[in-house]
Amino acid sequence: MEVVIIGGGIGGLTTALTLHQLGIPCTVYEAARELRPSGTGINLQPYCVRELFHLGLERQLRETGIPARGLAYYTRLGQHVLTERLGSEAGFDWPQFHMHRGTFHMMLAEEVVRRLGSDALKLGHRCVGVENHGGRVVARLTDRKTGQDAGPVSADVLVAADGVNSTVRAQFYPDEKPPYWNRIIMWRGVTEDIRMLDGHTMVVTGSYRQKFVAYQIRKPPAERMAGEDDLMLNWICELVAPEDMEFRTEDWNRSGSADDFAEEFRDWVFPWIDVPDVISRTMGIWEYPQVDRDPLPQWTFGNIALLGDAAHPLTPIGSNGASLAVVDARVLGRELAAAPAEPRTALKAYEAERRPAMEKVLGGNRAGGPEHFMPLVEERAPDGFDDIRDVLSEEEMNIAAGYRVTTGLTTDLVNGCRSLIPPEHFVVQPDSA
Ligand SMILES: Cc1cc2nc3c(=O)[nH]c(=O)nc-3n(C[C@H](O)[C@H](O)[C@H](O)COP(=O)(O)OP(=O)(O)OC[C@H]3O[C@@H](n4cnc5c(N)ncnc54)[C@H](O)[C@@H]3O)c2cc1C
């Protein structure tokens with residue numbers, strides 16, 4: 001069996017590493033002409049870290065990630081609401097990592113090239129159309145540099161991991177509306193020389209209408225100077241857009257300006273973080289609309305399957321978009337390895353497991369995600385409180401745990417599965433990869 005993967009993001013590259021581990025040849029076609037370690041931070045959840053360890057990436061992750069210990073919620077006045085334990089501290093058998101997105105992405109790309117060979121990752125190839133053809137699949141490609149035809153390529157299976165604005169998804173759903181924008185704008189940045197709390201705690205301050213989120217990440221190894229402190233603060237400021245503002249949702253990764261939001265955070269100076277200082281010393285600002293898409297009735301079409309954001313883009317409320325793309329890759333690989341002569345059956349089995357699960361996560365995120373209790377605190381105690389137990393009941397304070405139940409990501413369920421792919425099915429063992 002041969003597989004073509006469209007998109008060299010986190011989902012596409014993890015699919016390539018998984019297929020290689022299972023002895024299935026594949027090639028990734030990525031539209032960008034160069035992969036650059038761009039972006040800010042992402043969280044890798046324990047259920048995803050488990051799979052990445054099975055892919056032989058434990059050493060790199062421990063060296064470049066920061067193990068998360070807690071998620072502390074504060075009100076906009078700086079009052080502590082509660083701290084939820086994360087990763088190993090919460091009883092998961094695998095850590096949760098705060099990672100620099102670029103470091104993680106480049107780690108995956110380098111491993112694909114090292115393990116599969118440089119021909120397995122073809123940059124500058126944009127997919128412009130796909131079709132099922134006589135039990136095989138054909139992808140039409142253009143060369144980004146010349147604009148010339150660079151295909152077609154043919155394979156047994158095509159995995160479309162081409163992100164939130166997926167070309168392949170659009171081909172199967174030509175009438176789908178643009179991504180749904182919840183009217184929240186996020187400004188994201190990274191600031192050097194700041195240590196917040198114990199360095200392992202993520203912080204959410206404020207609520208739906210105005211929020212500051214931050215956690216520490218490590219500088220990419222290539223940018224580090226000898227002896228330098230490599231900790232940086234990854235931060236996000238969120239505001240609801242003015243009524244009359246339109247956002248081009250397709251333009252979701254553009255430079256932003258502090259002039260558009262810093263004033264709203266001018267009083268957010270707390271003992272554990274000085275938000276105006278963080279913003280004023282940032283290395284750059286990116287602006288995103290917070291978007292997702294409605295669930296799809298179908299993810300697989302003959303020998304073609306959608307994966308990652310192409311199948312289920314989510315708002316980053318639960319910090320799990322990237323982790324879920326990794327799980328997709330593992331389940332898809334497992335099913336293809338189990339039925340190599342029946343790729344359509346394998347893809348259907350992948351969809352049957354992942355599509356309902358992702359509908360639940362989408363529903364949970366749209367209901368406010370794990371931080372659903374924060375609007376209640378703002379509403380009931382706008383001027384602050386003496387004791388949080390006067391504001392929230394025990395049950396309401398446990399809503400974060402409720403999100404884990406809704407999304408099927410509880411400690412018991414995660415620890416109860418030692419690997420999404422039985423290690424005896426690995427053709428290439430993690431320690432020899
Ligand atoms: C800059 C950025 C920051 C993010 N921050 C967070 C976060 O903090 N927390 C979180 O949970 N999630 C975050 N996300 C979302 C999370 O990273 C995604 O859920 C995850 O990356 C999904 O991976 P993916 O591979 O499906 O899609 P993507 O990472 O979007 O990768 C898609 C790839 O496909 C390529 N591509 C697109 N069209 C074509 C085509 N026609 N032909 C060939 N290649 C194509 C793109 O260039 C890209 O490399 C962020 C996403 C981005 C882009």
Side-chain angles (χ1 to χ4, degrees), residues 4-16 27-45 48 96-102 104-106 108-109 121-130 139-144 150-151 153 158-171 179 186 188-190 202 213-215 217 234-236 238 250-255 284 286-293 305-329 332 354 358 361-362 365 369-370:
V4 157
I5 300 165
I6 303 300
I10 290 166
L13 295 173
T14 312
T15 304
T27 309
V28 181
Y29 292 91
E30 162 58 45
R33 288 171 56 193
E34 189 189 350
L35 292 183
R36 278 173 299 190
S38 62
T40 49
I42 51 167
N43 269 284
L44 297 180
Q45 302 285 344
C48 154
Q96 171 169 337
F97 286 117
H98 294 153
M99 288 289 298
H100 186 284
R101 186 179 206 281
F104 179 55
H105 190 198
M106 296 308 287
L108 295 175
L121 177 55
K122 297 197 185 292
L123 301 179
H125 286 70
R126 179 187 289 285
C127 174
V128 291
V130 296
R140 282 178 289 114
L141 301 161
T142 56
D143 181 324
R144 287 289 301 284
V153 292
L158 182 140
V159 179
D162 52 345
V164 61
N165 294 310
S166 165
T167 301
V168 179
R169 175 176 174 131
Q171 183 182 317
M186 303 183 289
R188 308 185 53 153
V190 172
M202 179 170 169
V213 180
Y215 53 88
I217 55 174
N234 170 71
W235 58 266
I236 306 166
E238 295 182 19
E250 71 278 10
D251 188 7
W252 74 306
N253 185 6
R254 63 184 182 190
S255 293
W286 295 270
E287 183 182 288
Y288 305 84
Q290 201 173 87
V291 297
D292 64 19
R293 285 182 186 273
L306 303 177
L307 179 142
D309 277 9
H312 50 79
L314 300 162
T315 57
I317 286 171
S319 303
N320 46 19
S323 298
L324 294 166
V326 168
V327 174
D328 287 353
L332 183 124
R354 297 302 293 151
M358 291 306 89
V361 178
L362 178 70
N365 282 14

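In this text, all values refer to a predicted model and were calculated from it rather than measured experimentally. Both ligands and their constituent atoms are indexed starting at 1 by order of listing. Starting from 1, each residue takes its place in the sequence as its number.
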Closest candidate by heavy atom, reference [atom], pool [options]:
{"atom": "atom 18 (C) of ligand 1", "options": "Asp309, Asn165, Asp162, Leu306", "answer": "Asp309"}
{"atom": "atom 10 (C) of ligand 1", "options": "Ala31, Gly321, Ala160", "answer": "Gly321"}
{"atom": "atom 48 (C) of ligand 1", "options": "His98, Arg144, Glu30", "answer": "Glu30"}

Please check if the side chain of [X] supplies one atom and the backbone of [Y] the other of a donor-acceptor pair under 3.5 Å.
{"X": "Tyr215", "Y": "Ile42", "value": "yes"}
{"X": "Asp328", "Y": "Gly308", "value": "yes"}
{"X": "Thr15", "Y": "Gly11", "value": "yes"}
{"X": "Asp143", "Y": "Ala150", "value": "no"}
{"X": "His105", "Y": "Gly8", "value": "yes"}
{"X": "Arg293", "Y": "Val164", "value": "yes"}
{"X": "Gln290", "Y": "Met186", "value": "no"}
{"X": "Arg169", "Y": "Ala310", "value": "yes"}

Side chain, backbone, both or neither: which part of [X] comes within less than 4.0 Å of ligand 1 when only heavy atoms are counted?
{"X": "Ser319", "value": "backbone"}
{"X": "Thr167", "value": "side chain"}
{"X": "Leu314", "value": "neither"}

With a 4.0 Å cut-off on heavy atoms, does [X] reach ligand 1?
{"X": "Gly318", "value": "no"}
{"X": "His125", "value": "yes"}
{"X": "Tyr288", "value": "yes"}

For [X] and ligand 1, does the shortest N/O to N/O distance drop below 3.5 Å?
{"X": "Arg188", "answer": "yes"}
{"X": "Ile6", "answer": "no"}
{"X": "Ala32", "answer": "no"}
{"X": "Arg101", "answer": "yes"}
{"X": "Gly11", "answer": "yes"}
{"X": "Ala325", "answer": "no"}
{"X": "Ala310", "answer": "no"}

How close do [X] and [Y] get, counting heavy atoms only, and between which atoms?
{"X": "Gly41", "Y": "Asn234", "value": "N-OD1, 2.9 Å"}
{"X": "Pro179", "Y": "Val291", "value": "CB-CB, 3.8 Å"}
{"X": "Pro313", "Y": "Leu362", "value": "O-CD1, 4.3 Å"}

Can you sort out which atoms of ligand 1 are near [X], meaning under 4.0 Å from one of its heavy atoms?
{"X": "Gly163", "result": "27 (O), 30 (O), 32 (C)"}
{"X": "Ala161", "result": "32 (C), 33 (C), 34 (O)"}
{"X": "Ile42", "result": "5 (N), 6 (C), 7 (C), 8 (O), 9 (N)"}
{"X": "Tyr29", "result": "43 (C), 44 (N)"}
{"X": "Ala322", "result": "11 (O), 16 (C), 19 (O), 20 (C)"}
{"X": "Gly308", "result": "26 (O)"}

Side-chain polar contacts of residues 316-327 - donor-acceptor pairs under 3.5 angstrom, sequence neighbours left out - could you list them?
from: Asn320; atom 1: ND2; to: Tyr403; atom 2: OH; distance (Å): 3.2
from: Ser323; atom 1: OG; to: Gln45; atom 2: N; distance (Å): 3.0

- Task: Pick out which of Val153, Leu158, Ile5 makes a side chain to side chain contact (heavy atoms under 4.5 Å, CB included) with Tyr29.
- Result: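 Among the candidates, only Val153 passes.
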